[in-house]
Amino acid sequence: MYIHQFYTNCLAQAAYYVESDREALIIDPLRDPEPYIEFARSRGASIKFILETHFHADFVSGHLDLAAATKAAIVFGPDATPSYPAYIAKDHERLRIGKTEIEILHTPGHTVESSCFLLYDEAKNPHAVFTGDTLFAGDVGRPDLLSGNLDAETLAAKLYDSIQKIKTLPDDVIVYPGHGAGSACGKNIGKETMTTIGEQKKKNYALQEIPREVFVSLVTNDQPAAPAYFFSDAKLNKSGYEPFEKVLSHGLHFVEAPEFDRMKREGLTILDTRDPEEFAKGFVPGSVNIGLEGDFAVWVGTLFSFGTKFLLVTEKGKEKESVTRLARIGFDHVEGILKGGMENWISGGRPADRIAQLSPMEFMQEAATGKYVVLDVRRKGEAEKKRLLHASNLPLAELKDKVHRLDPKENFILCCAGGYRSMIAASLLKAEGFDNVQNIAGGVSKILTEIPELIEMEE
């Protein structure tokens with residue numbers, strides 16, 4: 001028996017490969033199927049099943065493309081109602097791969113169809129459970145994505161029962177969750193991408209001996225707002241979507257600078273996926289920077305409407321990755337990529353915009369003049385724990401909706417923890433017609449290193 005975890009940092013998401021006697025199954029694959037096909041091929045195994053723990057909200061699953069390529073059966077747990085052929089397993093039903101079995105455990109709560117998959121070893125002992133978005137390290141799945149017609153409290157009550165079910169598993173059973181820290185599918189997910197039932201009984205608040213009503217209150221209160229694209233992705237995963245290769249082929253459309261400029265003037269959204277440092281040095285006017293080397297998918301899905309048509313500017317060699325990572329969250333409409341990137345744009349004599357990067361010392365000098373509006377775009381809790389002097393807090397997730405409250409004639413300095421989110425914010429302001437925008441390079445982390453007296457720590 002062999003288990004391999006495919007972990008994608010951008011989405012804080014884990015997919016799994018399980019193999020026995022050259023038969024394999026995949027659990028919760030991402031949209032691009034080739035990595036799973038190639039992995040099975042490298043091990044001389046064939047993919048027999050594709051198991052989906054639920055209809056995912058935070059990414060478009062790869063189950064349909066993977067099934068088409070491998071002829072493997074798609075499997076859901078009870079109460080799943082997909083619009084395409086799939087096997088709907090019964091609670092406690094077992095599937096065989098090679099010399100092992102995997103048992104479907106219906107665990108509604110995150111969604112009505114949510115299920116966990118209990119893997120037995122060759123000696124028929126429980127070995128590992130793949131918990132999807134039902135149980136994480138230190139947390140459980142949020143019940144407020146409103147599965148079907150059920151409200152959050154009703155789903156939370158179902159989740160309580162599901163957790164009692166999982167708690168009956170032996171303490172040494174390995175827990176392989178669907179997400180790690182950073183995912184919006186839980187409010188306080190731990191950094192571990194694997195744990196055990198015993199560890200979670202000790203450390204996870206949701207597995208303690210608490211009354212149902214207390215559990216419901218704990219898991220429904222203080223949930224952060226879910227990105228709007230979550231609801232669109234859940235529908236795609238239930239109803240079906242365009243084949244990945246078709247989306248990729250359409251997106252990898254390279255256009256010369258004059259054509260790119262024409263498409264830009266037609267109102268398409270320019271997304272620049274380069275590193276923020278490179279972006280700041282020169283970018284196509286009106287571009288929004290969301291770098292690939294960060295929480296790319298989450299911020300695209302948070303800041304842009306589903307169905308947005310994009311023009312891309314990328315680092316050389318990152319074109320396919322940019323289109324792929326957009327497709328993973330269902331943003332399928334890349335209409336063109338700037339051929340030759342910014343170098344080609346600038347060499348043709350076209351205008352480029354820039355954003356000044358301030359050192360902590362430069363920030364201190366500028367802010368002291370009182371001529372600047374300093375915006376800290378970290379989350380409220382972050383900003384309260386390490387408060388930046390002279391700054392007002394406006395979380396990045398709220399910026400687009402509140403930008404009309406800001407005066408474009410003011411001078412702005414943007415800051416976040418490390419510079420990634422503040423560059424997104426700075427580029428958004430620029431795209432909205434704010435001319436005087438600067439960014440603090442390295443953010444609060446850099447300030448703490450060089451001029452810590454600019455930060456007030458929460459006691």
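Everything numeric in this text was worked out from a predicted model, so none of it was measured.
The backbone N or O of Gly442 lies less than 3.5 Å from no partner atom in the side chain of Ser445, so there is not a single donor-acceptor pair. Side-chain N or O atoms of Ser183 include none that pairs as donor or acceptor with a backbone N or O of Gly180 at under 3.5 Å. One N or O on the side chain of Asn204 and one on the backbone of Asp139 form a donor-acceptor pair closer than 3.5 Å. Counting only distance, with no hydrogens or angles, the side chain of Asp121 and the backbone of Lys124 share a donor-acceptor pair below 3.5 Å.
Thr131 and Thr134 share no side-chain donor-acceptor pair at under 3.5 Å. Under the 3.5 Å distance criterion, with hydrogens and angles disregarded, no donor-acceptor pair is assigned to the side chains of His179 and Tyr7. No side-chain donor-acceptor contact under 3.5 Å links Thr273 and Glu315. Checking Tyr17 against Glu19 by side-chain atom types alone, a donor-acceptor pair falls below 3.5 Å. Judged by distance alone, the side chains of His92 and Glu103 do bring a donor and an acceptor atom under 3.5 Å apart. Using modelled atom types, one finds a donor on one side chain and an acceptor on the other under 3.5 Å when comparing Lys238 with Thr81. Donor-acceptor pairing under 3.5 Å is lacking for the side chains of Asp32 and Thr324. If you check the side chains of His56 and Gln13, you find no donor sitting under 3.5 Å from an acceptor. Counted by atom type alone, Gln200 and Tyr205 present zero donor-acceptor pairs between their side chains at under 3.5 Å. Side-chain atoms of Asp172 and His127 form no donor-acceptor pair, as typed in the model, at a separation below 3.5 Å.
A distance of 6.0 Å or more separates the ring centres of Phe331 and Phe304. Remark: aromatic rings of Phe231 and Phe306 are distant, center separation not under 6.0 Å. Remark: aromatic rings of Phe55 and His110 are distant, center separation not under 6.0 Å. The distance between the ring centers of Phe39 and Phe6 falls below 6.0 angstrom.
The local environment of CZ in Arg387 is crowded, with over 12 non-hydrogen atoms from other residues, nucleotides or ligands closer than 6.0 Å. By the neighbour-count criterion of 12 heavy atoms within 6.0 Å, atom NZ of Lys235 is sparsely surrounded, having that number or fewer from other residues, nucleotides or ligands. The environment of Lys339 atom NZ is sparse: at most 12 non-hydrogen atoms of other residues, nucleotides or ligands sit within 6.0 angstrom. More than 12 heavy-atom neighbours from other residues, nucleotides or ligands sit within 6.0 angstrom of NZ on Lys187. No more than 12 heavy-atom neighbours from other residues, nucleotides or ligands sit within 6.0 angstrom of NZ on Lys158. Summarising the local packing, CZ of Arg22 is surrounded by 12 or fewer heavy atoms from other residues, nucleotides or ligands at distances under 6.0 Å. The environment of Asp222 atom CG is sparse: at most 12 non-hydrogen atoms of other residues, nucleotides or ligands sit within 6.0 angstrom. By the 6.0 Å contact criterion, NZ on Lys386 is open, its count of non-hydrogen atoms from other residues, nucleotides or ligands being 12 or less.
Using a 4.0 Å cut-off between a side-chain N of Lys or Arg and a carboxylate O of Asp or Glu, Lys203 and Glu192 do not qualify as a salt bridge. A salt bridge links Glu101 to Arg96: at least one charged side-chain nitrogen sits closer than 4.0 Å to a carboxylate oxygen. Ion pair Lys201/Asp171 flagged as a salt bridge, since at least one NZ, NE, NH1 or NH2 atom sits closer than 4.0 Å to an Asp/Glu carboxylate oxygen. Checked for salt-bridge contact, Asp91 and Lys165 meet the test: a charged N lies under 4.0 Å from a carboxylate O. Using a 4.0 Å cut-off between a side-chain N of Lys or Arg and a carboxylate O of Asp or Glu, Asp161 and Arg212 qualify as a salt bridge.
Met194 is not listed as a side-chain neighbour of Val175, based on a closest heavy-atom distance of 4.5 Å or more. Side-chain contact check for Val140 versus Phe136: every heavy-atom pair is 4.5 Å or farther apart. Residues Thr220 and Pro143 have side chains in contact (heavy-atom distance under 4.5 Å, counting atoms from C-beta outward). Annotation: side chain of Leu271 is not in contact with side chain of Leu311 (no heavy-atom distance under 4.5 Å). By the 4.5 Å heavy-atom criterion applied to side chains, Glu278 and Phe283 are not counted as neighbours. In this structure the side chain of Thr53 reaches within 4.5 angstrom of the side chain of Phe117, judged on heavy atoms. Taking 4.5 Å as the limit, every side-chain heavy atom of Asn393 sits out of range of all side-chain heavy atoms of Glu398.
Ala69 and Ile37 make their closest contact through CB-CD1, 3.7 Å (heavy atoms, listed as atom of the first residue, atom of the second, distance). Of all heavy-atom pairs spanning Arg325 and Ala297, the tightest one is O-CB, 4.5 Å.
The ring pair (Phe, Tyr, Trp, His ring centres under 6.0 Å) analysis of residues 153-177, with sequence neighbours excluded, yields the pairs Tyr16-Tyr176, Phe130-Tyr176, Tyr160-Phe215.
Within the cation-pi definition used here (under 6.0 Å to the ring centroid, within 45° of the axis), Arg31 does not qualify as a partner of Phe59.
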Give the table of side-chain donor-acceptor pairs shorter than 3.5 Å for residues 421-430, with sequence neighbours excluded, one pair per line with atom names and distance.
from   : atom 1 : to     : atom 2 : distance (Å)
Arg421 : NH1    : Glu382 : OE1    : 2.8
Arg421 : NH2    : Glu382 : OE2    : 3.0
Ser422 : OG     : Gly419 : O      : 3.3
Ser422 : OG     : Asn439 : OD1    : 2.6
Ser427 : OG     : Asn289 : N      : 3.0
Ser427 : OG     : Met423 : O      : 3.2
Ser427 : OG     : Ile424 : O      : 2.7
Lys430 : NZ     : Asp353 : OD1    : 3.3
Lys430 : NZ     : Asp435 : O      : 3.1

Original post:
How far apart are the C-alpha atoms of His63 and Tyr84, what are their side-chain angles, what is the distance that settles it, and do they pass the ring pair (Phe, Tyr, Trp, His ring centres under 6.0 Å) test?
Top reply: CA-CA 11 Å; His63 56 310; Tyr84 42 81; 5.4 Å; yes
**OP:** Given side chain to side chain donor-acceptor pair (under 3.5 Å), test Tyr229 with Asp58 step by step and report yes or no.
**Re:** CA-CA 7 Å; Tyr229 80 95; Asp58 58 313; 5.7 Å; no
Original post:
What's the verdict on side chain to side chain donor-acceptor pair (under 3.5 Å) for His106 and Glu113, showing C-alpha distance, side-chain angles and the deciding distance?
Top reply: CA-CA 7 Å; His106 189 208; Glu113 77 286 347; over 6 Å; no
**OP:** Please lay out, stage by stage, how Glu52 and Ser61 fare under the test side chain to side chain donor-acceptor pair (under 3.5 Å).
**Re:** CA-CA 9 Å; Glu52 291 285 292; Ser61 180; 2.9 Å; yes
